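Below, all heavy atoms of this structure are taken into account, side chains as well, without hydrogens, waters or symmetry copies. Fair warning: this is a prediction, and the values are worked out from it, not measured in the lab. Just so it is clear: chains get the letters A, B, ... in the order the sequence lines come, proteins before strands, and each one is counted from 1.
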Protein chains: 2
Amino acid sequence: MNPNPFERHQDIAAVARDTGLGKDTLRVWERRYGFPAPLRDEAGERLYPNEQVMRLRLVKRLIDQGFRPGTLLALDAAALQQRLDALAGKVGAGATATGDGGARPAGNAGVEMAERLVPLLRERAAESLRAALAQQLAREGLRGFVMDTVPAMNRRIGEAWTAGEIEVFEEHLYTELLQNQLRAAIHALPPAPGRPRVLLTTLKGEEHQLGLLMAEALLAAEGADCISLGPQTPVVDIVIAVARTAPQIVALSFSAAYSWRKARDGLLELRAALPSDVELWAGGGVIAARGAQIRGIVCFGRIDEVPGAVAEWRGRQAG
Amino acid sequence: MNPNPFERHQDIAAVARDTGLGKDTLRVWERRYGFPAPLRDEAGERLYPNEQVMRLRLVKRLIDQGFRPGTLLALDAAALQQRLDALAGKVGAGATATGDGGARPAGNAGVEMAERLVPLLRERAAESLRAALAQQLAREGLRGFVMDTVPAMNRRIGEAWTAGEIEVFEEHLYTELLQNQLRAAIHALPPAPGRPRVLLTTLKGEEHQLGLLMAEALLAAEGADCISLGPQTPVVDIVIAVARTAPQIVALSFSAAYSWRKARDGLLELRAALPSDVELWAGGGVIAARGAQIRGIVCFGRIDEVPGAVAEWRGRQAG
DNA sequence: ATGTCATTTTGTCCTGGACAAAAGTAGAAT
DNA sequence: ATTCTACTTTTGTCCAGGACAAAATGACAT
């Protein structure tokens, strides 16, 4: 649309907004690794060519999957893309930072829906998008929607952002609308204050809510009695909440970028602080990636293991 | 609750998050004006005492109302608070940045609702808050809700943030829930694709959506046919949208922090670009503050002038 | 009131050094 | 074979203080 190469250059603030990397980080990478290597304007201020911004987006995406900058900044775009593809193709990789739910081969419905997203976002057609999500959810039912369509959509959104097809703003809009749909659907379920009662949250430092919400939706769809504390609850507050609401299960969600050490330490600390008859369930990116087995904690490798786990829990209680 | 003064110190990143000011800005203020004057830890890093953070919050609030740093940073907390009070007391001050809708004396219902907000936010009781908003809206009706309760709530939230009673995160949560309620209410109105047809948006650089949404709600409640483009639409895109949707009125919303020059220039540019039979309405912070009169543009001093203006428009069309 | 131009004010950018926090690694211990 | 501890490397953020672009103001003419 605008082939003028000069129009493509972005200043450091724009790149920081666009990629989610800090300005300081961009500058120190340049100093240390020689990339990015922006041009300069007359005043000596950095101007990032579009091509470098694309590459930065690939880097950011891989970092969010747990890779480290030092291993990535020397690679060219093709090599980076290759790693991303490898990651996407890996079966059983588990839910990623954006909650792709593991490399479950998505059904046709999910993929078709995912393909419709990007055009709708670019048109700023918030209302149409909302309607489309609602319709798809109604058609598939909450369970199928969360296990098939949502992961497919998240994958597509991630790709689109990496490719520069959509902007951060539009990605936020998508997340917003999807979360509203999920919340509404959970809220609209027939009120069956059944068992198990599950307390959901994420640990301090984990901002991603989507995985949490997906878990809540699945649990609620199975007839569990869900109480969500929202994200970023300190361990102390979780303990207090457990004392007050007496759940049988506490479920924690983690993104792929969350540090494994912090996750494990947090889980063990919580395990020690909670009554031993309260089960502790953990799922999401890091947990799945490590195929983790922690004593006293139930770890999920894929989001679609949730319904089965609920059934199993019920069996255990009945027996 | 925690009287230990050492616990109260925050590092520069926390203060930046908390106040919404940039780290660079905090440092350059210190250099230029001598305030803030943070302590230092062993490593020489800034530690801001709580008292200074409070004062920074007051400063930020006044800047958002259009004041300039140079005039504020020499003042102590009491003097800053005084200016804020003066502002709040000023009748006809118009909708502020947070959309307080002018100093309309809020009805009892509005004030009572506003008082319930802070406790609910601090408990992270998102669901209760959502329910409370929905109930209040149902009780008052959309029009009364937008003209009385929402301004009262916004004022209370602003105060609470300034006083450090709530955090940014909680303020966002409030805005989010309120916007959802308004959108749902607009959407739920009996489908009366009446007249006038109104296109709503904000100019590029204006991020505040709440005022826009309040205007849309009022217009929709009056039976107008509203089309919202969302915030930050460049003039060119507005012109294109007008050509496609053929509205009789284009409505623009501005916060108090928006530059008066940019607002006026943008409005005039738009006026020149649009067919002369399309009316141009403008309202919100800056517009109201200047008691502005611009030729060819209808300026609103207070949000509750909107219903009357619609009635008047209809009279003009009928006659 | 509105436009123009010079003068301030204000926020952001720059460099390059430093270091705290996080993550990886290795060896010992359960 | 995992878990713990101590050591090393990586990585992001902080600092100082100079510079300057962008925005706002003020003066003056229309």
task: In plain terms, say whether Arg40(B) and Glu30(B) are close enough for a salt bridge, that is, a side-chain N and a carboxylate O under 4.0 Å apart.
output: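 Salt bridge: yes.
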
Do NZ/NE/NH1/NH2 and the carboxylate oxygens of Asp76(A) and Arg55(A) come within less than 4.0 Å?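 Looking at Arg55(A) together with Asp76(A), the answer is no, because their closest N to O distance does not fall below 4.0 Å.
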
Would you indicate whether Gln81(A), at its atom CD, is surrounded by more than 12 heavy atoms from other residues, nucleotides or ligands within a distance under 6.0 Å?
->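 Yes, the 6.0 Å shell around CD holds more than 12 heavy atoms from other groups.
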
As an exercise, state the distance from CG of Leu80(A) to CG of Leu75(A), rounded to the nearest 0.5 Å.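 Reported to 0.5 Å precision, the distance equals 5.0 Å.
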
TODO: For residues 266-286 of chain A, pull every pair meeting ring-ring contact (aromatic ring centres under 6.0 Å, His included), keeping only residues two or more places apart or in separate chains.
DONE: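 Matches after skipping sequence neighbours: Trp281(A)-Phe300(A).
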
Round to the nearest Å and state the distance from [X] atom [atom1] to [N] atom [atom2].
X	N	atom1	atom2	answer
Lys204(B)	dA22(D)	NZ	P	16 Å
Leu26(B)	dT10(C)	CG	P	15 Å
Gln10(A)	dT12(C)	CD	C1'	17 Å
Gln65(B)	dA24(D)	CD	C1'	18 Å
Asp64(A)	dT11(D)	CG	C1'	15 Å

Any side-chain heavy-atom pair from Arg27(A) and Ile12(A) closer than 4.5 angstrom?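 Yes, side chains in contact.
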
Could you tell me whether the side chain of Glu51(A) reaches within less than 4.5 Å of the side chain of Met54(A), counting heavy atoms only?
->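 In short, these two side chains do not touch, never coming nearer than 4.5 Å.
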
Worksheet item: Under 4.0 Å between a side-chain N/O of Arg295(A) and OP1 or OP2 of dT30(C), yes or no?
Response: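 The answer is no; no side-chain N or O of Arg295(A) sits under 4.0 Å from OP1 or OP2.
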
Both Asp41(A) and Gly70(A) contact DNA chain D. Which one's nearest nucleotide lies toward the 5' end?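 Upstream on the strand: Gly70(A).
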
Side-chain donor or acceptor of Arg61(A) paired with backbone N/O of Leu84(A) under 3.5 Å
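Here the side-chain-to-backbone pair does not exist.
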
Check the interface with nucleotides 12-16 of chain D: list each N/O to N/O pair with the protein under 3.5 Å, or write none.
unit_1, atom_1, unit_2, atom_2, d
dG12(D), OP2, Trp29(A), NE1, 2.7
dG12(D), N7, Arg32(A), NH1, 3.1
dG12(D), O6, Arg32(A), NH2, 2.4
dT13(D), OP2, Thr25(A), OG1, 3.1
dC14(D), OP2, Lys23(B), NZ, 2.5
dC15(D), OP1, Arg46(B), N, 2.7
dC15(D), OP1, Arg46(B), NH1, 3.1
dC15(D), OP2, Arg27(B), NH1, 2.6
dC15(D), OP2, Arg46(B), NH1, 3.1
dC15(D), O5', Arg46(B), NH1, 2.9
dA16(D), OP1, Arg40(B), NH1, 3.2
dA16(D), OP1, Arg40(B), NH2, 3.2
dA16(D), OP2, Arg46(B), NH1, 3.2
dA16(D), OP2, Arg46(B), NH2, 2.6

Review item, nucleotides 23-25 of chain C N/O atoms under 3.5 Å of protein N/O:
unit_1, atom_1, unit_2, atom_2, d
dA23(C), OP2, Ser259(A), OG, 3.0
dT25(C), O4, Arg261(A), NH2, 3.4

